[in-house]
Enquirer: 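I have a structure I would like to understand better, so I am pasting it below and will then ask my questions one at a time.
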2 protein chains.
Amino acid sequence: MTQEAANRTPRPRAPAVSRRAVLDAAARLVEEQGVAGLSMRKLAAELGVAVTSIYWHVGNREALLDELVQEMVHGLDTLPAAGADPVARVLSLAAGLRRVLREHPHLIGLVNERGLTPAMFLPSQRALAAEVSAAGLTGAQAAEAVRAVQYHVIGFVVVERRTDRSPEQRPSAEELWSAEPGADPALARELATPVDLDRLFAVSTGALVRALLGG
Amino acid sequence: MTQEAANRTPRPRAPAVSRRAVLDAAARLVEEQGVAGLSMRKLAAELGVAVTSIYWHVGNREALLDELVQEMVHGLDTLPAAGADPVARVLSLAAGLRRVLREHPHLIGLVNERGLTPAMFLPSQRALAAEVSAAGLTGAQAAEAVRAVQYHVIGFVVVERRTDRSPEQRPSAEELWSAEPGADPALARELATPVDLDRLFAVSTGALVRALLGG
DNA sequence: ACCTGAACACCGTTCAAGT
DNA sequence: ACCTGAACACCGTTCAAGT
């Protein structure tokens, strides 16, 4: 082919994608397939564009994930507290926090890895602080109560996320306990039963909050 | 080169590595660089062997990680409980559990992902069950107390693992709170201070256990 | 301003072939 | 029984070159 012929057939060029479009497509990929399912090449294919275009818009994969996480954190609204007394109101905050966390199963791990947990939970921390103050706690004791509730709720959700996702547990706690000699048989029977996570959350959080607030 | 010449220079062959050697090298790699740092090719290079030999010994990467996790779970000894009353003994169990978990920062996440948490914590669950029974709880209530303590401790460690690892938090809870108007200034000042994780663990676990066991 | 392909240095995995 | 290289289908990223 001569130089002129090459010049007359210009390289085909896809329409420009926006940074927004890249972020949205990436968010959808993560939602559907988890973080490991997000590859720059898949993303480019999805958008009908060369891989390298993605780099122009978002820098690189790490920066992309950073941005996704950042947006999720900003999207979290302050949770409303409901109930007559501080204990009830803190418990409703805790339940709301758990609900929100469960709605973003893939991103919460990322938030944690990126050290954005404090920013993510500032709104709920503020609300918790108000209730703890209303309950009469002050200073260091109040701060510990606020943090204790936060760590408890976040930790619970992270752990329960696995409990209900991994389909096949080998061996299950149930099997392990039914083969257990000695010990209180009634307790062993209970521990050989699948966990009721909603109930466990309510019981443990209730106990913790009442103890901390002296309800 | 003729056929005969090719036959006279045999392909060099590294001495056989054992499955054990593969597992040990893998464990060291994970320890040093985290799970993402474990690649089949690095592992082979480390052992002075072709990549494909690794596959003969351990199947594939997933199976390798499974095996590592399995071994760590089996390596966990039953924790000793110390203290005069059930509350003190449960708290010493909780502290021991936390200590062990912190010693295996890379593997604990894997254990969780693989749904091995129940197997991993059966020994501590047994010990907790004994103490909870000694405190006078039975049946469903006792089972809930056992599980509440376990979820609390595991969750706390998972969350704190990030808190102290991520070097640069942007923005930090401290910055966020010092820019906060209104609210109890003493409480705000406290929340603007870095967390004392040992103290927070002691306070929250203490409150939870006392509430559950009625100490 | 934004898209392009070529290229580099990585991956995990399978396979047929060696010894 | 166990090691080998070739090959495949993936990665993330950089670069110079287009329009």
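Please read all numbers here as calculations on a predicted model, not as lab measurements. Reminder, nothing fancy here: chain letters follow the sequence lines and each chain counts from 1.
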Enquirer: Taking the side chain as every heavy atom from C-beta outward, state whether B/F121 and B/V111 have any atom pair closer than 4.5 Å.
Expert: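 Not touching, per the 4.5 Å side-chain cut-off.
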Enquirer: Show me the dot-bracket string of DNA chain C, counting Watson-Crick or G-U pairs under 3.5 Å, with | for pairs to another strand and [ ] for crossing ones.
Expert: ||.|||||...|||||.||
Enquirer: Name the closest nucleotide to the B/Y55 side chain, picking from C/dT4, D/dC3, C/dT14.
Expert: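 The answer is C/dT14.
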Enquirer: For B/L29 and C/dG12, what is the distance between atoms CG and P respectively, to the nearest whole Å?
Expert: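 Atom CG in B/L29 sits about 11 Å away from atom P in C/dG12.
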Enquirer: Tell me whether the guanidinium CZ or amine NZ of A/R98 lies under 6.0 angstrom from the six-membered ring centre of A/F156 and within 45° of its axis.
Expert: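 No cation-pi geometry.
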Enquirer: Whole angstrom is fine here: how far is it from CG in A/N60 over to C1' in C/dC8?
Expert: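 Nearest whole value for this atom pair: 17 Å.
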Enquirer: Which value, rounded to the nearest 0.5 Å, describes the distance between B/L208 atom CG and A/L212 atom CG?
Expert: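 The CG atom of B/L208 sits 9.0 Å away from the CG atom of A/L212.
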Enquirer: May I ask you to say what B/L38 touches in the nucleic acid, namely base, sugar-phosphate or nothing, with a heavy-atom cut-off under 4.0 Å?
Expert: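 Sugar-phosphate only.
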Enquirer: Please give, in whole Å, the distance from C/dG12 P to B/L65 CG?
Expert: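 Computing the B/L65:CG to C/dG12:P distance gives 10 Å.
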Enquirer: Of the listed nucleotides (C/dC11, D/dT19, D/dG12), which one gets closest to any side-chain atom of B/K42?
Expert: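 Output: C/dC11.
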Enquirer: Check A/R20 with A/E67, please: is the shortest side-chain N to carboxylate O separation under 4.0 Å?
Expert: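 The answer is no: the pair does not qualify as a salt bridge.
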Enquirer: Between the side chains of A/D24 and A/R28, is the shortest nitrogen-to-carboxylate-oxygen separation below 4.0 Å, so that they form an ion pair?
Expert: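 Not counted as a salt bridge, because no side-chain N and carboxylate O are separated by less than 4.0 Å.
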Enquirer: For the side chain of B/R13, starting at C-beta, report the closest nucleotide among C/dG12, D/dA1, C/dC2.
Expert: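 The answer is D/dA1, which lies nearest to the side chain.
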Enquirer: Look at B/S53 and D/dT4 and indicate whether a side-chain polar atom (N or O) is within less than 4.0 Å of OP1 or OP2.
Expert: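 So the side-chain polar atoms of B/S53 do come within 4.0 Å of the phosphate oxygens OP1 or OP2 of D/dT4, strictly under.
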Enquirer: Taking for each residue the nucleotide of DNA chain C with the nearest heavy atom, is it A/H57 or A/R41 whose nucleotide lies nearer the 5' end?
Expert: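 The 5'-side residue here is A/H57.
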Enquirer: Once you apply a heavy-atom cut-off of 4.0 Å, does A/S39 come out as touching a base, just sugar-phosphate, or nothing?
Expert: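 A/S39: backbone/sugar contact only, no base atoms under 4.0 Å.
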Enquirer: If you find the nucleotide of DNA chain D closest to A/R61 and the one closest to B/I54, which residue's nucleotide is nearer the 5' end?
Expert: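 Nearest-nucleotide comparison on DNA chain D picks B/I54.
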Enquirer: Do B/L93 and B/S124 have side chains that approach each other closer than 4.5 Å (heavy atoms only, starting at C-beta)?
Expert: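 No, their side chains stay 4.5 Å or more apart.
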Enquirer: Could you please name the option among D/dC2, C/dC3, D/dG12 that lies closest to any side-chain atom of A/A16?
Expert: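 So the nucleotide nearest the side chain must be C/dC3.
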Enquirer: Test side chain to side chain contact (heavy atoms under 4.5 Å, CB included) on B/L128 and B/Q150 and set out the steps.
Expert: CA-CA 9 Å; B/L128 283 172; B/Q150 280 193 297; 3.7 Å; yes
Enquirer: Given D/dG18, C/dC11, D/dC2, identify the nucleotide with an atom nearest to the side chain of B/W56.
Expert: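 Per side-chain heavy atoms of B/W56, the pick is D/dC2.
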